[in-house]
Amino acid sequence: MKKILVTGANGQLGRCIQSIKDEFPNFKFTFVDRSQLDITNEKEVVGLFKSHDFDWCLNCAAYTAVDKAEEDIEKATDINVNALNYLVKGAEINSTRFIHVSTDFVFNGKKSVAYTEIDDTNPLGIYGSTKREGELLLNKTYKRYFIIRTSWLYSEYNQNFLKTMLRLAGQRDEINVVSDQIGTPTYARDLAYSLLTIIKQDSEAYGIYNFSNEGVASWYDFAKAIFEINNTKINVNPIHTEDYPTPAKRPHFSVLDKSKIKKTFNISIPYWRDSLKIAITNL
């Protein structure tokens, strides 16, 4: 029986892990959200690890409000960097293996081919900078870790692009969506399966891995697909990033190369539109 701590239990990814946990009967999960564990409190975090002999820690907690982070630097740093430091200190107690979820926002988006795990990072904003700082901290202070970078996460749960588009479609006849930012939508449930597969394999192939669904899309393509699959009638207009200014800059291109994770763990990754159909069916 593998004992697994999952932080960020009520986030998209945490809720997806909870939705599939029964498919992994040899896993004993401890799910915690901010009300059960303040990960920015070192004493609380270390105390939890002292009282539980966790085999794995799956850190799904993060500050992900990209635009808000530009002003709320202290809180973003506290959750994306300092809390990670405390979780690592806890993990050291029983040599708990560590999986940390990171982001495509560690890249500046100036490439035109898919990013690999060894490409240089150069975040454009506070969110990406704090996530990269967390990666570097983990690399410097702990050996038994996996960093999984993902992109454009959505699901049936919480607020995300899928839910926002469907909500707006109920309020408007027309919508403008950015068409010159290119990446890959990632269904959080697909990511959840892959993370639990790494644990199931008892892997020690530590390091950084990319995970997103297969294929390439713009936000405009993503929105069009949502409405098409959901049989929603709405006019969608493609616009440029400059026509929709936001406090935080976003990478124009953040497609991730998944070769390493597929080969290492023998993972099959679905095409993004196929997963989108499942997510919409599950709404």
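The structure displayed is predicted, hence computed values, not measured ones.
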What salt bridge (charged side-chain N to carboxylate O under 4.0 Å, His left out) pairs are there with at least one residue in residues 27-50, not counting sequence neighbours?
Glu42-Lys89
Which residues satisfy the side-chain hydrogen bond (donor to acceptor under 3.5 Å, both in side chains) test with Thr30, sequence neighbours excluded?
none
Going by salt bridge (Lys or Arg N to Asp or Glu O under 4.0 Å), name the residues that satisfy it together with Asp243, two or more places apart in sequence or in a different chain.
none
Using the test side-chain hydrogen bond (donor to acceptor under 3.5 Å, both in side chains), find all partners of Tyr145 that sit at least two apart in sequence or belong to another chain.
Asn139
Considering only residues two or more places apart or on different chains, which pairs with a residue in residues 145-156 satisfy salt bridge (charged side-chain N to carboxylate O under 4.0 Å, His left out)?
Glu135-Arg149, Glu156-Arg189
Any salt bridge (charged side-chain N to carboxylate O under 4.0 Å, His left out) involving residues 271-283? Give me the pairs, sequence neighbours left out, ordered by first then second residue.
Glu228-Arg273
Lys111: salt bridge (Lys or Arg N to Asp or Glu O under 4.0 Å) partners, not counting sequence neighbours:
Asp119
Kindly write out the residues that satisfy side-chain hydrogen bond (donor to acceptor under 3.5 Å, both in side chains) with Trp152, not counting sequence neighbours, or none if the list is empty.
none
According to salt bridge (Lys or Arg N to Asp or Glu O under 4.0 Å), who are the partners of Lys163, at least two apart in sequence or on a separate chain?
none
Tell me every residue that passes side-chain contact (heavy atoms from CB on, under 4.5 Å) with Phe161, counting only those two or more places apart in sequence or in another chain.
Met165, Val177, Trp219, Phe222, Ala223, Ile226
Listing request: all ring-ring contact (aromatic ring centres under 6.0 Å, His included) pairs with a residue in residues 250-270, at least two apart in sequence or in separate chains.
Tyr209-Phe265
Donor-acceptor list for residues 190-197 side chains, cut-off 3.5 Å, not counting sequence neighbours:
residue, atom, partner, partner atom, Å
Asp190, OD2, Asn213, ND2, 2.8
Asp190, OD2, Ser275, OG, 2.5
Tyr193, OH, Glu23, OE1, 2.9
Tyr193, OH, Glu23, OE2, 2.7
Ser194, OG, Asp190, O, 3.3
Thr197, OG1, Tyr193, O, 2.7

